[in-house]
Structure formats: structure tokens, C-alpha cells
Amino acid sequence: MKVPSNIITLLAGIILTLISLWYGQNHGLMPAAASETAQEVDGLFNLMMTISTGLFLLIEGVLIYSVIRFRRQKGDTTDGPPVEGNVPLEIVWTAIPTVIVFILAIYSFEVYNEMGGLDPMASMDHGGSQMAHEHHDHGQLVALNSDNKSIALGLGASPNSDPNVEPLVIEVQGLQYAWIFTYPESGVISGEMHVPIDRPVQLKMTASDVIHAFWLPELRLKQDVIPGREVQLTFTSNRLGNYPIICAELCGAFHGGMKTTMTVDSPEDFEQWIQDNTFALTDTPGAVAMSSEQSAINN
Ligand SMILES: [Cu+2]
């Protein structure tokens, strides 16, 4: 009995779709997601992975099938049939990628907006914020400062975030080859970053020498840090743990060593850490607490 070819095509399509859907969720390529927006970024990545897997299997499958099925027969030295285009096929393989690109564009725009990427000036207290809001009202993505020179950089507050919740402000300074974190509320200065869980954090970042890039893989955030400019990064972590902070811009000979840790603490542990490092500051005037281990020694 011969199975009709359209049944085989349908079965192959179903199997291909199921494999793609499964692999899109189980590729295991991403580290832990430590925030809601990181999970949304993963949603976008997983969709792209699903589509790519489907296209890979389809194209490679047809290629391998054709290599075997239409290979040269023994003793056949004639030319192959002259094939000159196929209009319906060309329309289909142009239309499908167009639709895919539109879906991905809209989806990624949505995720970027969720992250606060479309309104970097939203919670900035610069003199230019009024101007920035005027521009924002007209739907412009680029906000000008009052001096009309600097353009807002970074990620502001998510449009979904509660405007009544004050974010924890941390000043981040990138320099060859370290990150320095200053907590203006308490005066703590540290070489590693601690943040409380479930509270919005607003990083105000500058570089003192060359361009660095502040990369938090578990938050799916990466932001260039530029000398002479303030760059903002706003996020809320929802997962306790230690996560690497890595410089992702080749910034000199020891760029590879420009790493530290972000610790997401419970609110109590965070308060404790702030207190420990504040004591370290007052006990030995002028001393800078570079790590919690060091402050433990000081106590
Ligand atoms: Cu660097």
C-alpha cells in the first residue's frame, strides 16, 4: 500500500512542529532568570528558538531528502531538468519570513517597553526631565535634555511599575578595572552590589576613564557606561542569590578581570549588610568596605 504524499507531508509537518515547540522551551541555553523582565526576554528568545529550530529542520530536512532522492543515477551523464523559478513558491517563502519578522518586531518592542527601554528619562531627576516628558508625549523615543545636547540613555521605570514605590538608588562607577557601588541613602561604598528582593533598583552609572559595559546575565541586562554621561538602568529582581556582574566592553589589558557579584538579599539581610558596612565605615575613618567578608573582619 502506498501512503499518499500529502499525508506524509502533513505528518512530517506535525512532527517538525512538535520538536520545535519542545526544543524552544528546553534548549537550556540561558542562565537562571532573576527578574520578571528576564523571564519576558526568555519568552522572546524561546519563540525565536522555536522558529529557528523549525526552519533548520525544514531546510536541512529538504536538503538531505533531495540529496538522497534526486542523486545522480549510475551511468546517467545527462543534464538535470532546466528549472526556472516558481512564482507561487517564491511568494510563499517571502511572505512567511515577512510575517515572522513583523511578529518578532512587535513582540520585542513590547518586551523592551516592559523593561522601561522606551522611557529612560521617566524617573530621572535631571533639569531636562520636563523637556523629556514633552518629547515623550509626542511619542518620540529619544528625549533631549534642556541643553539640547545629551540624549537619555538606558532603561527607565517600567510603565507597569508602581509610581509610588521609591526605587533604591545606587550610584555605579566603572573604572579600569572595577565597579564601585555607592549607596547615597546610607553612604555605603562597596566593590560588590547588594540589592533587596522585589524592590525596584535604579542604577545611576558613569565611567571614569573609558567605555565599560555593565552586564547582568541573570537579569538579561547589558548597558554601556560612558565617561562624562549618566546612564540609567532600572530593574526589580525577584530571585534570591548571587549573580555575576561582568564588564562586557573590551576596556583595557585587564578587562577580563573586571567582574564582581550582585547579591539579591531578603529585605532583612539587605538591611544587615547596609548596617555592617556602615559600621565598618564609622569604626575606621576613611576605610572603604570593599566586601562583606572584609566588613566581617572589621566587626
Ligand atoms: Cu570594563
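Just so you know, ligand 1 is whichever comes first in the structure, and atom 1 is the first atom listed for that ligand. Bear in mind the structure is a predicted one, so any value in this text is a computation, not a measurement.
- Within 6.0 Å of CD on Q39 lie more than 12 heavy atoms contributed by other residues, nucleotides or ligands.
- With sequence neighbours excluded, the residues that form a ring pair (Phe, Tyr, Trp, His ring centres under 6.0 Å) with Y183 are W273.
- Remark: the backbone N or O of M193 is not paired with any side-chain donor or acceptor of S190 at under 3.5 angstrom.
- Taking I15 as the reference, I19 meet the side-chain contact (heavy atoms from CB on, under 4.5 Å) condition, with sequence neighbours excluded.
- Taking the centre of each ring, F45 and H27 come in below the 6.0 Å mark.
- Applying the salt bridge (Lys or Arg N to Asp or Glu O under 4.0 Å) test to residues at least two apart or on different chains, the pairs with a partner in residues 31-54 are D42-R220.
- Distances under 2.8 Å from the Cu ion (ligand 1) pick out the protein N/O/S atoms H212 ND1, C247 SG, C251 SG, M258 SD.
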